Amino acid sequence: MEKLIITAAICGAEVTKELNPSVPYTVREIGIEAEKSFLAGARIIHLHVREDDGTPTQDLKRFQACVDEIKSRCPDVIILPSTGGAIGMSNEERIQPIFIDPQPEMATLDMGTMNFGGDDIFVNTENTIISFAKEMNSRGIKPELECFDKGMIDMTLRLHKKGYINKPMHFNFMMGVIGGIAATQRDLLYLINSIPKGSTYCVGAIGKHEFPMVTLSIELGGHARVGFEDNLYLSKGVLAKSNSELVEKVVRISKELGRDIASPSEARKILSLD
Ligand code: KMH
Ligand code: ZN
């Protein structure tokens with residue numbers, strides 16, 4: 001089986017230090033969390049950034065400072081900035097991280113609008129998706145296709161036919177988000193069976209669903225995403241002290257299941273980044 005690529009979603013936009021004091025806010029904290037995750041086996045850092053007080057931001061200068069800090073600590077890691085940002089941000093704000101220097105190899109592309117809990121709506125209209133895809137394509141940035149539900153795969157296939165999304169595609173299935181697809185074995189199989197042959201996929205899931213769904217993905221040949229953005233706990237009632245503990249747990253599971261971890265260059269090859 002293909003070697004496993006682990007993504008660490010180290011920060012997110014929603015979780016806070018009140019929920020887990022190890023959630024990184026400052027440039028240095030973000031750099032340390034990225035480095036520890038990389039050393040534990042993560043090959044991709046899915047990056048959101050914060051102001052020092054924890055406020056989520058897509059400010060280009062702040063992203064650049066965090067990317068510079070990460071690259072000075074682990075130059076080989078793949079940085080995958082968020083173009084989703086936080087609920088309520090404008091498209092102009094959200095797209096800013098693709099302009100970091102050097103240009104990112106990948107960035108998220110969220111494939112549809114959805115409820116996001118309470119009164120929150122995560123808005124990604126068809127025209128927004130097309131305009132973000134065009135910006136990424138024109139720069140050679142590979143989109144990670146964020147699918148929170150099956151209909152978002154259908155949107156991806158439609159936009160592929162229209163020429164906005166290229167093969168080979170790389171999907172990230174985010175499961176168990178309020179308003180999205182449930183984190184169940186049946187639903188993961190449905191998602192996997194709905195993507196084009198030759199695509200790669202990664203699986204992440206919220207809270208207690210993270211490790212069961214990631215384990216299933218490892219068994220089925222997919223890749224794995226863990227991190228504070230999705231889950232703050234190492235096990236029931238035990239807060240993770242660092243994202244790296246979550247990565248180490250995936251590495252342990254994967255090794256037990258007989259699947260090796262990709263090196264940075266192997267990860268780039270699997271994702272057709274080179
Ligand atoms: N924070 C969510 C509203 C992404 O990174 O592209 C969106 C999100 C997806 O996290
Ligand atoms: Zn994200």
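Position 1 is the first residue of the sequence, and the numbers go up from there. Just so it is clear, the structure is predicted and the values come from calculations on it, not from any experiment. Counting starts at 1 for both ligands and their atoms, following the listed order.
Contact annotation: E229 places an N, O or S atom under 2.8 Å from the Zn ion (ligand 2).
Using 4.0 Å as the threshold, G85 has a heavy atom nearer than that to some atom of ligand 1.
Remark: K208 fails to qualify as a cation-pi partner of Y233 under the 6.0 Å distance and 45° angle criteria applied to the six-membered ring. For the pair R73 and F38, the NZ or CZ position fails the cation-pi test of under 6.0 Å to the six-membered ring centre and within 45 degrees of the ring normal. For the pair K134 and Y164, the cation does not sit on the ring face, since its NZ or CZ is not both under 6.0 Å from the ring centre and inside 45° of the axis.
Closest to atom 10 (O) of ligand 1, if we only count protein heavy atoms, is E229 OE2, 2.9 Å. Nearest protein heavy-atom neighbour of atom 2 (C) of ligand 1: E14 OE2, 3.4 Å. In terms of protein heavy-atom proximity, atom 5 (O) of ligand 1 is closest to S82 OG, 2.7 Å. The shortest contact between atom 7 (C) of ligand 1 and any protein heavy atom is with F122 CZ, 3.5 Å.
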Report task. Might you work through the side-chain hydrogen bond (donor to acceptor under 3.5 Å, both in side chains) test for E245 and S242, ending with a clear yes or no? Result -> CA-CA 6 Å; E245 291 189 339; S242 163; over 6 Å; no
Requested in this report: Report the C-alpha distance between N231 and R225 in whole Å, list the side-chain angles of each, state the deciding distance to 0.1 Å, and finish with yes or no for side-chain hydrogen bond (donor to acceptor under 3.5 Å, both in side chains).
Outcome: CA-CA 10 Å; N231 167 44; R225 162 169 154 165; over 6 Å; no
Query raised in the report: Between R158 and D154, is a salt bridge (charged side-chain N to carboxylate O under 4.0 Å, His left out) present by the stated rule, with each step listed?
Result: CA-CA 6 Å; R158 260 198 305 279; D154 299 328; over 6 Å; no
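Within H48, the N/O/S atom positioned nearest the Zn ion (ligand 2) carries the name NE2.
Salt bridge absent: R50 and E29 never bring a charged side-chain N and a carboxylate O closer than 4.0 Å.
Of all atoms in ligand 1, numbered sequentially from 1 with element shown, those under 4.0 Å from a heavy atom of T108 are 4 (C), 5 (O), 6 (O). Here is the list of ligand 1 atoms found below 4.0 Å of a heavy atom in H46: 5 (O). Atoms of ligand 1 found under 4.0 Å from any heavy atom of G84, numbered from 1 in the order shown, are 4 (C), 6 (O). Residue D110 has at least one heavy-atom neighbour below 4.0 Å for each of these atoms of ligand 1: 4 (C), 6 (O), 9 (C).
The one candidate from E2, K3, H170 that meets the side chain to side chain donor-acceptor pair (under 3.5 Å) condition with H223 is E2.
Remark: ligand 1 and F116 share no N or O pair separated by less than 3.5 Å (distance only, no angle test). Below 3.5 Å of separation, one finds no N or O of E146 facing any N or O of ligand 1.
The ring of F116 has its center closer than 6.0 angstrom to the ring center of F122.
Contacts between H48 and ligand 1 below 4.0 angstrom, taking non-hydrogen atoms only, involve the side chain exclusively.
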